**Q** 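Please see the structure below; I have some questions.
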Amino acid sequence: QLQVAESGGGLVQPGGSLRLSCAASGFILDDYAIGWFRQAPGKEREGVSCISFSDVNTNYADSVKGRFTIFGDKSKNSVYLQMNSLKPEDSAVYYCAAFKATRGYMNLCSPLEYDFWGQGTQVTVSS
């Protein structure tokens, strides 16, 4: 069964850091793309950062460029989102999701590309 599961959310003060983890099971990363998305109350789900291992491609939302970094560890079959200089507007439920990138795609960080999703982890940035 193909699954992804997030962990690492929590409460952090503005300016702080968190690292989210996305553990993949039932598949290996080489042919897949993993995306991090977030959804705040009353807002649409948005792509934060995405990575495709099949064509070595990464993508970041403008709002997180220079602060967030996405990277993978194939030995652990996991993808991480390092979040630095966090702001209150980063508060949301963060989801990871996956699709098989070798089938081709139009927009790496569009939620429509992704086939299976985790349950989400809450990130709250507040003093």
Side-chain angles (χ1 to χ4, degrees):
Q1 188 175 2
L2 307 180
Q3 290 182 326
V4 291
E6 312 91 340
S7 61
L11 173 64
V12 63
Q13 293 187 341
S17 297
L18 275 178
R19 179 177 291 183
L20 304 182
S21 301
C22 177
S25 58
F27 66 98
I28 59 172
L29 295 177
D30 293 283
D31 294 339
Y32 280 77
I34 302 290
W36 283 101
F37 299 83
R38 66 187 180 188
Q39 189 166 20
K43 295 188 176 181
E44 290 188 357
R45 189 168 297 189
E46 64 169 340
V48 176
S49 183
C50 305
I51 183 168
S52 170
F53 291 90
S54 65
D55 59 350
V56 195
N57 187 19
T58 59
N59 188 292
Y60 293 91
D62 287 343
S63 59
V64 306
K65 282 180 182 175
R67 299 189 298 124
F68 291 12
T69 303
I70 190 169
F71 62 98
D73 184 340
K74 291 185 179 181
S75 69
K76 296 183 179 179
N77 216 37
S78 294
V79 172
Y80 304 92
L81 185 68
Q82 178 66 42
M83 306 187 294
N84 298 329
S85 303
L86 282 161
K87 305 175 181 180
E89 51 264 43
D90 294 316
S91 298
V93 177
Y94 282 69
Y95 300 89
C96 72
F99 73 94
K100 194 168 188 178
T102 50
R103 53 104 159 131
Y105 56 91
M106 293 290 291
N107 182 347
L108 179 60
C109 236
S110 167
L112 299 176
E113 299 282 3
Y114 288 78
D115 295 321
F116 48 101
W117 294 75
Q119 294 299 307
T121 185
Q122 177 71 47
V123 172
T124 303
V125 185
S126 175
S127 54

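If you're wondering where the values come from, they're calculated on a predicted model, not measured in any experiment.
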**Q** Test: disulfide (SG to SG under 2.5 Å). Region: residues 52-83. Which pairs qualify, not counting sequence neighbours?
**A**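 Residue pairs with at least one partner in residues 52-83: there are none.
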
**Q** Could you give all pairs that pass the salt bridge (Lys or Arg N to Asp or Glu O under 4.0 Å) test and reach residues 48-63, with sequence neighbours left out?
**A**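 As it turns out, the salt bridge (Lys or Arg N to Asp or Glu O under 4.0 Å) pairs with a partner in residues 48-63, which skip direct neighbours, are Asp62-Lys65.
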
**Q** Rest of the hydrophobic cluster containing Tyr80 (Ile/Leu/Val/Met/Phe/Trp/Tyr, side-chain heavy atoms under 4.5 Å)?
**A**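 Cluster partners of Tyr80: Phe71.
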
**Q** For residues 19-30, which residue pairs pass the side-chain hydrogen bond (donor to acceptor under 3.5 Å, both in side chains) check, not counting sequence neighbours?
**A**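 Of all non-adjacent pairs touching residues 19-30, those that pass side-chain hydrogen bond (donor to acceptor under 3.5 Å, both in side chains) are Arg19-Gln82, Asp30-Lys74.
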
**Q** For Leu108, which fellow cluster members are found when Ile, Leu, Val, Met, Phe, Trp and Tyr are connected by side-chain heavy-atom distances below 4.5 angstrom, either directly or through intermediates?
**A**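 Its cluster mates, by chain and number, are Phe37, Val93, Tyr95, Phe99, Tyr105, Tyr114, Trp117.
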
**Q** Kindly write out the residues that satisfy side-chain contact (heavy atoms from CB on, under 4.5 Å) with Ser85, not counting sequence neighbours, or none if the list is empty.
**A**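 Result, side-chain contact (heavy atoms from CB on, under 4.5 Å) vs Ser85: Arg67.
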
**Q** Asp73: what forms a side chain to side chain donor-acceptor pair (under 3.5 Å) with it, not counting sequence neighbours?
**A**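 Ser75.
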
**Q** Which other residues end up in the same hydrophobic cluster as Ile28, if Ile, Leu, Val, Met, Phe, Trp and Tyr are linked when side-chain heavy atoms come under 4.5 Å apart?
**A**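 The other cluster members (ILVMFWY side chains, heavy atoms under 4.5 Å, direct or chained): none.
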
**Q** Which disulfide (SG to SG under 2.5 Å) pairs, counting each pair once, include a residue from residues 82-114, with sequence neighbours left out?
**A**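 Matches after skipping sequence neighbours: Cys22-Cys96, Cys50-Cys109.
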
**Q** Could I get the full list of side-chain contact (heavy atoms from CB on, under 4.5 Å) partners for Val123, not counting sequence neighbours?
**A**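 side-chain contact (heavy atoms from CB on, under 4.5 Å) list for Val123, sorted by chain: Leu18, Leu20, Met83, Tyr94, Val125.
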
**Q** Which ILVMFWY residues are connected to Met106, directly or by a chain of links, through side-chain heavy atoms under 4.5 Å apart?
**A**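 Result for Met106 is none, singleton.
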
**Q** Without swapping roles, check the side chain of Gln1 against the backbone of Gly26 for a donor-acceptor pair under 3.5 Å.
**A**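 No, the answer is negative, given that no donor and acceptor are paired below the 3.5 Å cut-off.
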
**Q** Quick one: salt bridge (Lys or Arg N to Asp or Glu O under 4.0 Å) pairs with a partner in residues 33-52, sequence neighbours left out?
**A**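 Passing the test, one end in residues 33-52: Arg38-Glu46, Arg38-Asp90.
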
